[in-house]
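Each chain gets a letter, A, B and so on, in the order the sequences are listed, and its residues count up from 1. All values below come from the heavy atoms of this structure, side chains included, with hydrogens, waters and symmetry mates left out.
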2 protein chains.
Amino acid sequence: MDQLITGEFQANGEAYEPKTLVDGAYRQLRRDIIEGRHAPGAKLRVEHLKDAYEVGAGTLREALALLVSDSLVVAQGQRGFRVAPISLADLEDITRTRVMLESEALRQSIGNGDEAWEGNLVSAFHLLTRAEEKLAGDLDGSVNEWEDRNRVFHETLIGACNSRWIRHFLAILYRQSERYRRISVLNRPVPQDVHEEHEQIFKAAIARDVDEACRLLSGHIWRAFHTVSAVPEFAQESAIRQVANGR
Amino acid sequence: MDQLITGEFQANGEAYEPKTLVDGAYRQLRRDIIEGRHAPGAKLRVEHLKDAYEVGAGTLREALALLVSDSLVVAQGQRGFRVAPISLADLEDITRTRVMLESEALRQSIGNGDEAWEGNLVSAFHLLTRAEEKLAGDLDGSVNEWEDRNRVFHETLIGACNSRWIRHFLAILYRQSERYRRISVLNRPVPQDVHEEHEQIFKAAIARDVDEACRLLSGHIWRAFHTVSAVPEFAQESAIRQVANGR
DNA sequence: TCAACGTTTTTTCTCGAGATTTTTGGCTTT
DNA sequence: AAAGCCAAAAATCTCGAGAAAAAACGTTGA
C-alpha cells in the first residue's frame, strides 16, 4: 500500500526521513508550534520564516497550507497566517471530544487486539516506564523522550482499533493536547501519579477489561485537562484572550 | 472575530466569494472531487490542472495541499497527487464514525438549542421539503439544490452543538459521504422514504425527544450506507480495488 | 521469449521576481 | 486635541522558468 506523506504518526521510534522539502518544513514547523516556539496567535511571516527554515517562499506557503487543516495554523485571506489561538474553552472541547473518541477506540482495540498487539503494548509501556524513571531522576533532555513514548503508548493502546477515521481524528486531537501541555507545563509534570495511571490502564487493557480500561483512560485524560487549567496562565481567561487576539 | 478562510460550510445559502485564488481553486477542486468529476484514484497532474482552473502551478499545489488534510487527496512524495481512493470498507468506517459523532452532536444540540435554533430548523426543513418535491417532479438540475439543502438541514440539526471540534470532524465526514453518494447514485435517490425520515427526525428534534431523534438519525445515516452498498458498482469489492489503485 | 540496463521523455518540485492588497505613518481639517 | 484622509512602505499573493526526480521506452544480451 502507498504510504501517505502527510499522514499519521509512525508507530516505531525510528527517525522519519522527509521525502520532500515541503514535507520537511511541514514537520519542522508543526513541531515548533506544538512545542511552543511559535506562540499562539503569533503572526507567521513568510518572508521571515523562509530564511529560518531554509526553503523558498512557495514551499513554505505550501507547508503552512498543510498546517491549516490540522488546525494548528489559521489563514486570514490576504492577511497572512497566524498560529492558532488557544483558550481554556477550546482545551475543554478538545478533551471532551478526545475522551469520547478514545474510549470508543479503546473499546474496539481491546476487542480486536491479538497477541501481537499485546506484545506491542508491553513494549510501549516498558519504554514509557523507563522514560518516567529518567524524568523522576532529573535528567535533562528526557522530556522530549517522555513525550515521544507517551504518544507511542497511547497510539499502541488504540492500535488495534480498525477505524482509520477515529485514529486520524485522535492524532489531530492528540497534537492539540500536546501543544497545550507543553505551553503550560514548562517544568516537568508530576510523573508519579501519571505513571500509576498508565500502569492501571495498561493492566486493564491486557486483562481485556473494557469498561475499567475506558473508565481509567477517561479519568487520565480529564486529569491532564485539570492540571493544565490549574496553571495560573490559564486560570484567567482574560490573559488568554489577549494572547488569542495576538496583540 | 476573524473569519477563517478554509473553514467550515457557511450555514446560509448565499454564494461564497473566494478571497484569494488559492481559496477559489481549493473550493472548485473540492467540489469537482466530491461530485465525481475527478474519479477516485485518478492522478492529479499539476501541469494539466493549472490550465483548467486558470491559476499558476504554485497556487494549484497549495490548493492540493489543503485538500490533503481533508483526506480528499493523497500526496505521494515525489510522485504527485491523486484523488483519494474509495472502498466499501472505508464508507462503512465513515458511516460508523459519523453515526457516533452525529448522535452526540444532536444530543448536545437538542439540549442547548434555543428558539432561534428551532426557527432555523423549521426553515431548513421547509426548504429541503420543497427541494424534495421538485426532485419527485423530475425537474432537472434540482439535484444540486437538494444536496445543498440536505447539507444545510443536517448542519442546522447539530447547529446548537457547542463543540467546534465535533462539528469540524462532521463536516469532513459529511463531504466524504456526499462523495460516495454522488459517485454511486448517478440518477436521483428515492426521495419519498428519505423525506419521511427527514420529517420524523425533524419532529423528534422539535419535540426535544433526544433518544428518539438520535435513533432516527442513526437509522437514516445507516440506510444511506446500505443504499450505496447495494449499487452493483460497489457490491463487488474487486472492482473498487481496481479503481482505488488507479490503474 | 524473457529479463536487465541505459537513455529519453514526462512530471514533479523548487526558487526568485513582479503585481495587489493591507498596514502604517504623517498631514490636514474641524 | 481628535478624527479623517492621503501617501509611503511592508507584506502577501501570484506567476513562470529552471533543476531534480520518476516513469516510459527501446535496446541489448542471455
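For the residue pair B/Asp93 / A/Ser163, a side-chain donor-acceptor distance below 3.5 Å is found, with atom types taken as modelled.
Here the P atom of nucleotide C/dT14 and the OH atom of A/Tyr53 are 17 Å apart, to the nearest Å. If you measure from atom CD of A/Glu54 to atom P of C/dT14, you get 14 Å, rounded to the nearest angstrom. Whole-Å rounding puts the A/Leu60 CG to D/dC13 P distance at 12 Å. Nucleotide C/dT12 holds its C1' atom 11 Å from the CD atom of A/Glu62, rounded to whole Å. Per the geometry, CD belonging to B/Gln76 stands 13 Å off C1' belonging to C/dT11, to the nearest Å. C/dT12 atom C1' lies 16 Å from atom NE2 of B/His48, rounded to whole Å.
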Exercise. Determine, stepwise, if the pair A/Arg179 / A/Glu35 fulfils side chain to side chain contact (heavy atoms under 4.5 Å, CB included).
Key: CA-CA 6 Å; A/Arg179 183 162 79 115; A/Glu35 299 188 4; over 6 Å; no
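One N or O on the side chain of A/Tyr180 and one on the backbone of A/Ser87 form a donor-acceptor pair closer than 3.5 Å.
A search for salt bridge (Lys or Arg N to Asp or Glu O under 4.0 Å) contacts involving B/Asp90 returns nothing, not counting sequence neighbours. For B/Phe225, the ring pair (Phe, Tyr, Trp, His ring centres under 6.0 Å) partners are B/Trp222, not counting sequence neighbours.
Ionic pairing of A/Glu178 and A/Arg151 is not present here: no N-O contact between side-chain nitrogen and carboxylate oxygen is shorter than 4.0 angstrom.
Here A/Leu44 lies in heavy-atom contact (under 4.0 Å) with sugar-phosphate atoms only.
Checked against D/dA22, C/dT11, D/dC15, the side chain of B/Arg45 finds its nearest nucleotide in C/dT11. Picking from D/dT12, C/dT14, C/dT22 the nucleotide with the shortest atom distance to the side chain of A/Thr59 gives C/dT14. Counting only heavy atoms from C-beta on, A/Lys43 has its side chain closest to D/dT12 among D/dT14, D/dT12, C/dT14. Across C/dT12, D/dT14, C/dT14, the shortest atom-to-atom separation from the side chain of B/Val46 is found for C/dT12.
The shortest distance between the side-chain N/O atoms of A/Arg61 and the OP1/OP2 oxygens of D/dT12 is not below 4.0 Å. For C/dT12, neither phosphate oxygen OP1 nor OP2 lies less than 4.0 angstrom from any side-chain nitrogen or oxygen of B/Arg79.
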Practice problem: Treat primed atoms plus P, OP1 and OP2 as sugar-phosphate and everything else as base, then score nucleotides 16-21 of chain C 5' to 3': B for base contact with protein heavy atoms under 4.0 Å, S for sugar-phosphate contact only, - for none. | Solution: -----S
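The side chain to side chain contact (heavy atoms under 4.5 Å, CB included) test with A/Leu72 singles out one residue from A/Leu64, A/Ile172, A/Ile33, A/Val83, and that residue is A/Ile33.
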